[in-house]
**Q** 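One structure follows; several queries about it will come next.
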Amino acid sequence: MKPRLRFAPSPTGYVHIGGLRTALYNYLYAKQNNGEYLLRIEDTDQTRLVEDAVEGIIRSLSWAGVVHDEGPVLDANGHITQTGDCGPYIQSQRLEIYKKHALELVEKDHAYYCFCSKERLDAVREQQKSEGLTPKYDGHCKHLTKEEVAEKLSSGQDHVIRLKLPENRIIEFNDAIKGTVTVNTNDLDDQVLMKTDGFPTYHMAVVVDDHYMGITHVVRGDEWLISTPKHVFTYEAFGWNAPEFVHLPVILSQSKKKLSKREGSVAVEDFRSKGYLPEALINYVALVGWSPEDGQEILSMNEMIEKFSFDRVSKSGGVFDLDKLNWMNNHYIKSADLDRLTELSKGYLIEAGFTTESTYEADYNWLKRMIEVLRERFNKLEDIKEYYAFFTRKDVELEDDEASEIIKLEHVPEMMQIFADKVTAAEVLNADAVKAILKEIQKETGHKGKNLFMPVRVAITGQVHGPDIAIVIELLGKELTKERIGYCLKNLC
Ligand code: GLU
């Protein structure tokens, strides 16, 4: 049987980096085994809906390259449509299916109507807590007669439908990561399946949908592990086979807590907007809690598809390490196509003031050259914004003591004057021309190596280390280069 897996986010605002990893693992396993990967939107909690969240989820996942075979997609106008034979893939569009199935469970005596008010439920909970018990529904409505139920229903009383768990029964299932999980039903609650508002709960919808969508493997965060016994029982109550379960440990922050917004970016969209490349983010995220047998770290999507296995997902939560992500993003930036990088950087270039929407085309070659010389320094593309002053200011600020020592060397004023004269005389001042000038100066003055290059770099950038000085000078252009040398001779030497 071809595997079918799904990612089933709730549209509550954004795709968390942990969600991206869940989606990715589902995708990798499906693709490795010639199966299908679905996206399903779990919007049964109407109180938590966020406008445009579904569009956001679709955009984030497709940007990351985790592309589903079935589910909601955006058409050319950005509107949601759906593809696949098991739809709709948005739970709020499947209410009739859940209702029908909840009634089927009532019919089979695996579920019952509950008319308890919120006040009563709260009181029961408080009482249980004060007795040191784990709060759970006390079964008040479990034994109502058919007549009592019919009467309450016809008088229009608010109600929910609850799962009727048998007493003192062991429920057991296997989880690919956690192993065998065993729970006694006495420790479980009679889960609400249908809410007063006519919407199913997650627990109802997830079972019905996974069944009808032919899901073979449920791969999700391990916060759902405690709910799984109830799901297993629900499958049984319907007479359906349960899928395989794979519960992934959460992604932890550096302080070993669940990774949350409080400790920095967690939304895929945030990483995108800072200029992380999708191939870097996806590669990094795959390795938070999984590694291939051969220890390879830089992996393309195809390599991940080939090497992925649930066996090698660690049992404890992986730690999200921003430094490592930065290192990886830098690695991908260094080898990415330059035109692509320039296009991706357009927003930051405009924001920083390097160019404008209307001059971008004309500035393009210059911008691309700048990215070429700087990119090995970028952890993320937005870092380019920090270089605005570096390329535009007329004066020079010495970065540290080492820079001031170099600029104060005795031979510097004369040598820099020669340099300035040659710059003035040059017809074109590209990197090759700068190199030729430096060679000439070496011949004419005898200064070479550090004594030649360091003062030139410091005089023009204020820094001892930095990008290729010949290209920097080419990018600065004649006027600005002269301007800076002049400033340096006058104020710093
Ligand atoms: N809607 C659930 C969530 O957002 C999905 C859990 C599952 O995959 O079953 O976490």
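Each ligand, and each atom within it, is numbered from 1 in the order the structure gives. Heavy atoms only: backbone and side chains are in, while hydrogens, waters and symmetry mates are out.
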**Q** Run through ligand 1 for me and note each protein residue having a heavy atom under 4.0 Å from it, chain first, then residue number.
**A**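 Heavy-atom contacts below 4.0 Å: R6, A8, P9, S10, E42, Y202, V206, R220, W224.
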**Q** Under the ring-ring contact (aromatic ring centres under 6.0 Å, His included) rule, what pairs show up with a residue in residues 320-344, not counting sequence neighbours?
**A**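 Qualifying pairs: F271-F320, Y284-F320.
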**Q** Restricting to pairs with a member in residues 148-157, which pass side chain to side chain donor-acceptor pair (under 3.5 Å), not counting sequence neighbours?
**A**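 Residue pairs with at least one partner in residues 148-157: T145-E148.
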**Q** What about F310 and W290, are their ring centers closer than 6.0 Å?
**A**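 Not close enough - the centres of the two rings lie 6.0 Å or further apart.
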**Q** We want to know whether T342 and S345 form a side-chain donor-acceptor pair, criterion being a heavy-atom distance below 3.5 angstrom.
**A**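 Looking only at side-chain atoms, S345 and T342 do not form any donor-acceptor pair under 3.5 Å.
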**Q** Which residue pairs satisfy the ring-ring contact (aromatic ring centres under 6.0 Å, His included) criterion with at least one member in residues 144-194, sequence neighbours excluded?
**A**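 Qualifying pairs: Y113-H159, F115-H159, F173-F245.
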**Q** Return the CD to CD1 distance between E343 and I371, rounded to the nearest 0.5 Å.
**A**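 If we round to the nearest 0.5 Å, E343:CD and I371:CD1 are 9.5 Å apart.
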